[in-house]
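Some notes on the structure that comes next.
Sequence positions, counted from 1, serve as the residue numbers for this chain.
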Amino acid sequence: MKVLIFFDSKNHPPRKPHDGDEFRDRAKDAENFYREKIIGKITLCDLHINSVEYACKLIAEEKPDRILFFSHGTQRTLAGRWATIKSPRYAPIQGLIDAVNMCPADARIGLYACLTGGLPAGKRDFAESLSVGCGGRAVLSHTAGGHTTRNPNIIIDYKGKVLTRKYFGLTWSQWVELLKNKPFRPFEILEQVP
């Protein structure tokens, strides 16, 4: 199995002076999680240093089974860099869709970035557009603002359906508590897709 992990190391002071550090640290957590679980190649790539074009090229060349992004989901960061249209929740660029379509059919994508998913039916968000454009591949995303890995507002777009809104058998308060107090790794969620 190959895993490709992207993160944005840029800090945004004064409002968010350590957000880039946090994205890098969570990317390393994901690296450790997959190192424990799999035998294969794991690559980390800093989106602050490397261009979107380079990232698409890397995805196309590596053909990973898992592609993870740790970043803000706003127009100036993940969605804005990877979008073709200007709207509140962008559609992914064709280059990203083309690159992911070169990956194995069961490749999964984790967008650990705020507001990349969860628009009401009929209004396609970044995650849903990516999933549909990539043949229904599983795309995990956040529906609201919050911490890159402790944000409890998670859904998965998969084969034209939203898989996850039930918080994995927990009540909302149990789910929030789990993410706050346990060294829970949300990367496990992406591995639960059938």
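- Looking at Phe70 and Asp8, their side chains never come closer than 4.5 Å, going by heavy atoms from C-beta outward.
- Contact annotation: the side chain of Leu58 approaches that of Leu4 to within less than 4.5 Å [non-hydrogen atoms, C-beta and beyond].
- Although no hydrogens or angles enter the test, the distance criterion places a donor-acceptor pair under 3.5 Å between the side chain of Asp65 and the main chain of Lys2.
- The minimum heavy-atom distance between Cys56 and Ala99, with the atom names listed, is O-CB, 3.3 Å.
- For the pair Leu111 and Leu140, the minimum side-chain heavy-atom distance is 4.5 Å or more.
- Judged as a side chain to side chain donor-acceptor pair (under 3.5 Å), and not counting sequence neighbours, the contacts of Lys41 are Glu62.
- Atoms CG and OG, from Asp46 and Ser9 in turn, are 3.0 Å apart once rounded to the nearest 0.5 Å.
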### Candidate pair Lys57 and Glu53, rule salt bridge (Lys or Arg N to Asp or Glu O under 4.0 Å), full reasoning
CA-CA 6 Å; Lys57 182 179 175 214; Glu53 292 78 16; over 6 Å; no
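- Distance check: Arg26 CZ to Asp21 CG gives 10.5 Å after rounding to the nearest 0.5 Å.
- For the pair Met102 and Asp98, the minimum side-chain heavy-atom distance is 4.5 Å or more.
- Minimum heavy-atom separation, Ser141 to Asp157: OG-OD2, 4.3 Å.
- Pro104 approaches Pro64 most closely through the heavy-atom pair CD-O, 3.4 Å.
- Partners of Arg137 by salt bridge (Lys or Arg N to Asp or Glu O under 4.0 Å), not counting sequence neighbours: none found.
- Counting heavy atoms of neighbouring residues, nucleotides and ligands inside a 6.0 Å radius, atom NZ of Lys63 exceeds 12 of them.
- In this structure, Tyr158 is not a member of the same hydrophobic cluster as Val132, with clusters built from ILVMFWY side-chain heavy atoms closer than 4.5 Å.
- Asp29 CG to Leu68 CG: the interatomic distance, rounded to the nearest 0.5 Å, is 11.5 Å.
- The structure places SG of Cys134 at 4.5 Å from CG of Asn101, a figure rounded to the nearest 0.5 Å.
- Between the Asp19 side chain and the Ser71 main chain, no donor and acceptor come within less than 3.5 Å of each other.
- Scanning for side chain to side chain donor-acceptor pair (under 3.5 Å) contacts around Asp25 gives an empty result, with sequence neighbours left out.
- The shortest distance between side-chain heavy atoms of Ile67 and Cys103 falls below 4.5 Å.
- Counting only heavy atoms from C-beta outward, the side chains of Val139 and Ile156 never approach each other to under 4.5 Å.
- Taking Phe7 as the reference, nothing meets the ring pair (Phe, Tyr, Trp, His ring centres under 6.0 Å) condition, with sequence neighbours excluded.
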### Task
Show your reasoning for whether side-chain contact (heavy atoms from CB on, under 4.5 Å) applies to Lys10 and Phe23.
CA-CA 9 Å; Lys10 183 178 181 186; Phe23 295 135; over 6 Å; no
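- When all heavy atoms of Lys159 and Ser131 are compared, the closest pair comes out as N-OG, 4.3 Å.
- Two residues are said to be in side-chain contact when any heavy atoms from C-beta on lie closer than 4.5 Å; Thr43 and Val3 fail this criterion.
- Applying the side chain to side chain contact (heavy atoms under 4.5 Å, CB included) test to Lys28 and every residue at least two apart in sequence or in another chain returns Arg24, Glu31, Leu44.
- By the 4.5 Å heavy-atom criterion applied to side chains, Ile109 and Phe69 are counted as neighbours.
- Checked against side chain to side chain donor-acceptor pair (under 3.5 Å), Glu61 has no partners two or more places apart in sequence or in another chain.
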